[in-house]
Amino acid sequence: MQASLEVAIQLAGIEVHVQQRLQGSTDYSVLLLLLLFLSGAQKDFGLAAYGEKFAGAGLASFIFDYRTFGGSDGEPRHWVSPNRHLADWQSAVDYVTSQLGDKVDTSKLLLWGSSFGGGHAITTAARLGDNVTAVVAQASLSCTQLW
């Protein structure tokens with residue numbers, strides 16, 4: 001049984017809208033997948049369908065809009081900032097490990113990103129080290145030296 005929950009959390013002092021899709025049980029061995037699209041996309045651009053498929057395969061998912069995008073607060077709207085996006089990834093990981101540890105195995109995170117989100121997944125995995133079990137970086141853009 002999958003339960004999808006829309007919640008608002010604080011990331012870097014900004015209210016960010018999140019979709020959590022957890023298994024119906026409290027099986028601590030369930031792995032958590034953090035999903036993000038490219039820099040200008042939002043969770044309502046189709047990520048929920050990915051979360052549903054992953055949950056059907058036994059993975060919990062955590063999907064959020066970067067601050068200033070979608071349902072998340074912040075100004076100016078739709079500001080693409082690699083440094084802020086990476087900070088949002090870290091804040092999401094911090095939230096997951098502190099708030100969902102009783103529902104999922106937070107020592108084995110899976111990161112999934114597409115385009116710019118794929119580059120952020122790679123960078124976040126490098127920063128987290130052993131807490132990351134796998135990274136899927138679909139068509140990733142990871143050169144952020146220009147910023």
Side-chain angles (χ1 to χ4, degrees), residues 2-23 27-74 77-101 103-147:
Q2 303 169 20
S4 178
L5 178 64
E6 294 280 338
V7 296
I9 64 170
Q10 293 290 315
L11 297 183
I14 302 290
E15 187 171 278
V16 173
H17 287 257
V18 173
Q19 180 188 77
Q20 299 173 48
R21 188 174 296 277
L22 305 173
Q23 296 304 102
D27 180 2
Y28 183 75
S29 66
V30 171
L31 300 180
L32 181 76
L33 183 68
L34 278 77
L35 297 102
L36 278 174
F37 259 153
L38 54 146
S39 60
Q42 302 166 184
K43 63 180 173 55
D44 62 355
F45 286 10
L47 275 179
Y50 285 93
E52 190 174 316
K53 291 289 186 185
F54 286 123
L59 299 172
S61 64
F62 183 88
I63 305 167
F64 69 95
D65 289 327
Y66 293 111
R67 62 183 125 163
T68 79
F69 286 88
S72 296
D73 290 344
R77 298 301 295 164
H78 306 111
W79 178 19
V80 175
S81 169
N83 290 331
R84 286 170 52 125
H85 291 180
L86 288 168
D88 290 351
W89 272 83
Q90 184 60 55
S91 294
V93 168
D94 292 345
Y95 173 84
V96 162
T97 55
S98 67
Q99 301 298 315
L100 301 179
K103 295 178 179 66
V104 296
D105 185 350
T106 58
S107 70
K108 298 178 182 175
L109 298 175
L110 309 173
L111 307 180
W112 184 95
S114 182
S115 187
F116 217 20
H120 295 337
I122 292 168
T123 302
T124 300
R127 290 177 176 172
L128 293 175
D130 292 341
N131 276 10
V132 176
T133 297
V135 175
V136 176
Q138 174 179 281
S140 72
L141 171 64
S142 56
C143 179
T144 58
Q145 292 181 1
L146 300 175
W147 292 280

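The analysis underlying the following values was restricted to heavy atoms, covering all of them including side chains, and did not include hydrogens, waters or symmetry mates.
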- Item | Reported OG1-to-CG distance for the pair T123 and L111, which is rounded to 0.5 angstrom | 10.5 Å

- Spacing of T68 atom OG1 and R84 atom CZ [to the nearest 0.5 Å]: 6.0 Å

- Item | Nearest heavy atoms of T106 and N131, plus distance in Å | O-ND2, 4.2 Å

- Note on the structure: In terms of heavy-atom contacts, A137 and G118 come closest through CB-O, 3.6 Å

- Smallest heavy-atom separation, F116 atom then P82 atom, equals CZ-CG, 3.5 Å

- May I ask you to check whether F62 and Y95 place their ring centers less than 6.0 Å from one another? yes

- Query: Looking at W79 and H85, what are the two nearest heavy atoms and their distance?
  - Reply: O-NE2, 3.7 Å

- Which pair of heavy atoms, one from A121 and one from G113, lies closest together, and at what distance? CB-N, 4.3 Å

- Message: Ignoring hydrogens, what is the shortest heavy-atom contact between F69 and R77? Give both atom names and the distance.
- Response: C-NH2, 3.5 Å

- Task: Answer yes if the side chains of S107 and D105 hold a donor-acceptor pair under 3.5 Å, and no otherwise.
- Result: yes

- Can you measure from NE2 (H120) to CG (N83) and round to the nearest 0.5 angstrom? 9.0 Å

